[in-house]
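Everything below concerns the one structure shown next.
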Amino acid sequence: MIITLKDGSQKEYAESKSVYEIAQDISEGLARAACAGEIDGQVVDLRTVVDKDCQVNILTARDEKGLAALRHTASHVLAEAVKNLYPQAKLAIGPSIDTGFYYDFDHAPFSREELDALEKEMKKIIKKGARIEKYTLPRNEAIRFMEEKGEPYKVELIEDLPEDAEISFYSQGDFVDLCAGPHLMSTKGVKAFKLISASGAYWRGSEKNKMLSRIYGTAYGTKEELEAHLEQLEEAKKRDHNKLGREMELFTTVDVIGQGLPLLMPKGVIIVKELQRWIEDLEDNEWGYVRTKTPLMAKSDLYKISGHWDHYKDGMFVLGDEEKDKEVFALRPMTCPFQYYVYKATQHSYRELPIRYGETSTLFRNEDSGEMHGLTRVRQFTISEGHLIVRPDQMVEEFKNCLALAKYCLETLGLEEDVTYHLSKWDPEDKEKYIGEPEVWNETEQDIRNVLNELNIPFVEDVGEAAFYGPKVDINAKNVYGKEDTMITIQWDALLAEQFDMYYIDENGEKKRPCIIHRTSIGCYERTLAWLIEKYAGLFPTWLCPEQVRVLPISEKYGDYAEKVNKELKANGIRSSVDGRSEKIGYKIRDARLAKVPYMLVVGAKEEEEGVVSVRSRYLGDEGAKNLNQFIDEICREIRTKEIRKIQVSEDNQKN
């Protein structure tokens, strides 16, 4: 057989070889570093036997897929350590993830001290260097094996597999775990790892199931890579919106109010209000939108027409019982069906289209409690929602314009480099999840693909991520811990106009169905606020800062002049305050810096006498004395243009 390697070179063998043996034949060093293999593009275990002509790639920890195999092995080492120290713990699942790995256990929550003890036990296991072996059992034998070991979660997983399935296991010494692999050849290959944290997680992600204890860890090919990652994690903690947003008094949560129902505090409201005013003015004045205001709830009848009742009911807050009540209502999870009836209230000519409806919509979605996180995953949120009713011949151009508006918003906020574009498609293997015929889905997906290619926007395609009524472009971003969320969505809908009997009169006086674009320009305001907190570590662009200027009198004698300066700032629409406390000026400066105020105006005898202010900023540090009107002109221009100024001096220099 002929094996073609990654560099195009070839090796010829007279007999079958495992991927690991091929790695050894290439070089002993490569074999020692190997984590997994790839045969004709498919990731495989190093133990996989190659018996025909194919392309083989040896994956090391420097490859994403190879690193995943190393981390998967680390999760098994963790599971063995838990069973060694806590024999009564039950094993659930333990996959590799983008940032490392985790394993779920039926056990009491783990403390940091217990994680440290588990790390020591893992090091002992790794030092022994047990060879990792793979074997399979028929389904019935596999079930019996796991029943005898007292592992009910593993039994449940096996029972979900087909009756004729061969179930694979991996052993490392006396420890055996159900697993599809791939894994390293020995536990010795796990050289650099760290257990990061522990939390709760519902079995199979459903709050109807038992809460398990999840341990998160990470692993790398070298200690240097691990240390770099741990340093990055420390920086992430500083930027974590869930921590920083509370410290800055932007939002809070309260148990008696409920999960996923954050309270925006006055400072947070200022930021969201600025964003909302900007988006509404931008859409209405420059992009041709008209405003609607629609109810927060509706009868179930509306959602049955739209299809949400059949396809999205579990994600809705339903008010009432269909078996007992004459009318059942639900809080709205989206605004589209409401705006359709605004359109249907009058007859429309082809000349009127496109009609672009915009609404700052408060929506409600019944997210699982295990998914709640700060402002990024909530049950009530506000969104810059819009629906465009267009003729079919206008669809492509309007879809491009929606993308252009989204890109403009991202650029203005300084977020355009942080996003990835996804074409979210239907899953033809799960047709019950969607409405419409395959031909419509294939055509509309190709239309979006053509638009993205024409605009030179790099994108990936995600099967099964479409809305039930149409494909979409999802613009995604990762939080500081690497978890990806959708920030902005633009959907192509060629189906719902039929269900709602929407039409326009064409040039021949005949009724025709319009197409619909569902879109956001900035997405969910709460999630965007979280994104901005983490992007800027709380050091927002000046136009978004809850407090833009703080006036600092050197002593109480200059309080009147400070108030005069403050009054002039406020008269020009600048959010400012006076720190009139009887504290030293150095203390006041440090306090303003901790509050992340972009500008401080220090005033004393000289400033009052000359009618100036001494400017200190987060951007240049000490900017010297300026005429007050000059400073006001400069900051007003910065706010008006939404300028994102770069910080040009270090934190240490600013302290001087």
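Scope of the values below: all heavy atoms of this structure, side chains included, with no hydrogens, waters or symmetry mates.
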State whether a side-chain donor-acceptor pair under 3.5 Å links [X] with [Y].
X    : Y    : answer
D25  : Y13  : yes
Q55  : D40  : no
S424 : D462 : no
Q446 : N450 : yes
Y481 : D240 : yes

Side chain [X], main chain [Y], donor-acceptor under 3.5 Å:
X    : Y    : value
E231 : A228 : no
R519 : I490 : no
S213 : F110 : no
T486 : I488 : no
W441 : I435 : yes
R379 : E367 : yes
T136 : I167 : no
S521 : A406 : no
T412 : Y408 : yes
N479 : G482 : yes

Step by step, would you call E133 with S171 a side-chain hydrogen bond (donor to acceptor under 3.5 Å, both in side chains)? CA-CA 5 Å; E133 305 283 357; S171 65; over 6 Å; no

Taking salt bridge (charged side-chain N to carboxylate O under 4.0 Å, His left out) as the test, write out the residues that go with K134, two or more places apart.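 So K134 forms no salt bridge (charged side-chain N to carboxylate O under 4.0 Å, His left out) with any residue.
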
Under the criterion side-chain hydrogen bond (donor to acceptor under 3.5 Å, both in side chains), I'd like the reasoning laid out for E156 against W203: C-alpha separation, chi angles, the key distance, then a yes or no. CA-CA 11 Å; E156 184 177 328; W203 170 235; 3.2 Å; yes

Contacts of I126 that satisfy side-chain contact (heavy atoms from CB on, under 4.5 Å) - sequence neighbours left out: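 side-chain contact (heavy atoms from CB on, under 4.5 Å) list for I126, sorted by chain: V77, V190, F193.
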
Can you label the angle between the Y434 ring and the W426 ring as parallel, tilted or perpendicular, going by 30° and 60°?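 Rings of Y434 and W426: perpendicular, over 60°.
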
Using the ring of each side chain (for Trp, its six-membered ring), is H308 parallel, tilted or perpendicular to Y312, with breaks at 30° and 60°?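 Rings of H308 and Y312: perpendicular, as their planes differ by over 60°.
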
Is [X] salt-bridged to [Y], cutoff N-O under 4.0 Å?
X    : Y    : result
D98  : K483 : no
E38  : K65  : yes
K433 : D427 : no

Could you check if a side-chain atom of K194 sits within less than 4.5 angstrom of a side-chain atom of L226, using non-hydrogen atoms only?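 In short, these two side chains touch, coming nearer than 4.5 Å.
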
How about [X] and [Y]: are their ring centroids closer than 6.0 Å?
X    : Y    : result
H229 : Y220 : yes
F145 : F169 : yes
Y103 : F105 : yes

Only one of K238, R239, H241 clears side chain to side chain donor-acceptor pair (under 3.5 Å) with E534; which?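 In the set K238, R239, H241, the residue that makes a side chain to side chain donor-acceptor pair (under 3.5 Å) with E534 is H241.
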
Option from L91, L137, L178 for which side chain to side chain contact (heavy atoms under 4.5 Å, CB included) with M146 holds: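 Passing option: L178.
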
Check for me whether R214 meets the cation-pi criterion with Y102, that is, NZ or CZ under 6.0 Å from the six-membered ring centre and within 45 degrees of the ring axis.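 Judged by the rule (NZ or CZ under 6.0 Å from the ring centre, within 45° of its axis), R214 counts as positioned above Y102.
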
Given T60 and L70, is the side-chain contact (heavy atoms from CB on, under 4.5 Å) satisfied, shown in steps? CA-CA 9 Å; T60 71; L70 184 152; over 6 Å; no

Should the heavy atoms of other residues, nucleotides or ligands under 6.0 Å from NZ of K11 be counted, would the total exceed 12?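 Correct, the count exceeds 12.
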
